[in-house]
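In what follows, residues are counted from 1 in the order of the sequence shown.
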Amino acid sequence: MMVATHVAFGAFCAVSAALILHLPAMMAVLLAGGLAGSLLPDIDHPQSWLGRRIPFLSRPIAYLFGHRGITHSLLAVVGVFYASAACLHGWDVRLGHAMPMVLGLCVGYASHLVGDWLTPAGIPLLWPIRVRFRAPLMLLRPKMAEPIMTVLLWFGAGFLMSRAL
């Protein structure tokens, strides 16, 4: 899955989470977290959008774990939750105020994992167990499916945001 689709899916999931949790006032914070979180798993690939911007982190992670290793697992989602909560708490942001951003990061991160689950390569969801999980029906094989999906996800996110107003 390409970066544009990951970002669109992260936005759609973050906006959906804000509506499901009845947090329309926090939608912008959840959306920001969702956008950032949707890019984080590919920190393990030095040629990814995020990897090119912070190679001093990307290269060591890629060397130690490879692409679609630990960063594409449930363990990483839990790690992102605790690390982001700890960072925000360390910056004197009260945990109650930080939770929408932490939630947005985790929702965006999880959306990335779902997106990669839909590809033929799958993901090691239960890392360090090396079993790769793939969707029973891989949806993203045709070249046109991904651009169409990206546009539909952005329209869906916009539609949901308009419903919250």
Side-chain angles (χ1 to χ4, degrees), residues 1-45 48-51 53-54 57 68-119 122-127 132-140 145-165:
M1 189 176 265
M2 303 308 294
V3 68
T5 312
H6 279 305
V7 171
F9 193 39
F12 179 81
C13 290
V15 170
S16 298
L19 292 176
I20 290 167
L21 297 172
H22 306 289
L23 297 171
M26 293 290 152
M27 190 172 296
V29 176
L30 276 155
L31 181 57
L35 294 173
S38 70
L39 298 172
L40 280 177
D42 281 342
I43 189 69
D44 65 358
H45 193 296
S48 70
W49 187 89
L50 190 59
R53 281 148 184 82
I54 47 177
L57 286 176
R68 288 197 183 180
I70 190 173
T71 64
H72 286 70
S73 69
L74 291 175
L75 182 62
V77 177
V78 172
V80 164
F81 175 82
Y82 283 110
S84 59
C87 285
L88 290 170
H89 182 70
W91 295 330
D92 290 330
V93 177
R94 291 186 34 196
L95 198 53
H97 295 119
M99 287 316 289
M101 178 59 81
V102 172
L103 176 64
L105 280 168
C106 290
V107 165
Y109 202 103
S111 76
H112 184 108
L113 298 186
V114 169
D116 282 352
W117 175 71
L118 294 170
T119 65
I123 57 170
L125 197 60
L126 300 176
W127 189 94
R132 294 187 92 68
F133 290 82
R134 295 169 189 84
L137 180 63
M138 264 90 40
L139 300 175
L140 298 178
E146 196 163 344
I148 291 168
M149 183 185 222
T150 302
V151 169
L152 291 174
L153 286 166
W154 277 118
F155 276 112
F159 174 75
L160 291 176
M161 288 178 78
S162 72
R163 303 292 294 169
L165 299 175

Nearest heavy-atom neighbours spanning D44 and G69: OD2-N, 3.6 Å
Taking every non-hydrogen atom, the tightest pair across W117 and F133: CD1-O, 3.4 Å
Separation between CG of L40 and CG of L113, rounded to the nearest 0.5 Å: 10.5 Å
Check: M99 and L88 side chains under 4.5 Å, non-hydrogen atoms: no
Note, V107 side chain near L105 side chain (heavy atom, < 4.5 Å): no
Least distance between heavy atoms, R132 atom then R134 atom: O-NH1, 3.4 Å
Close side-chain approach of I70 and S73, heavy atoms under 4.5 Å: yes
Side chains of residues 7-22: which donor-acceptor pairs under 3.5 Å do they make with residues two or more places apart or in other chains?
residue	atom	partner	partner atom	Å
S16	OG	F12	O	2.8

Smallest separation among heavy atoms of S38 and H6, with atom names: CB-O, 3.3 Å
M26 atom CE, over 12 foreign heavy atoms within 6.0 Å: no
Short side-chain to backbone donor-acceptor contact, T71 and P41, under 3.5 Å: yes
Heavy-atom side-chain contact between D42 and L50 under 4.5 Å: no
H72 and H112 aromatic ring geometry - parallel, tilted or perpendicular at 30°/60° bounds: perpendicular
Minimum side-chain heavy-atom gap W49-L39 below 4.5 Å: yes
Listed partners of W127 passing ring pair (Phe, Tyr, Trp, His ring centres under 6.0 Å), at least two apart: F65
Side-chain donor-acceptor contacts of residues 149-165 below 3.5 Å, not counting sequence neighbours, with atom names and distances?
residue	atom	partner	partner atom	Å
T150	OG1	T5	OG1	2.7
T150	OG1	E146	O	2.9
S162	OG	F159	O	2.6

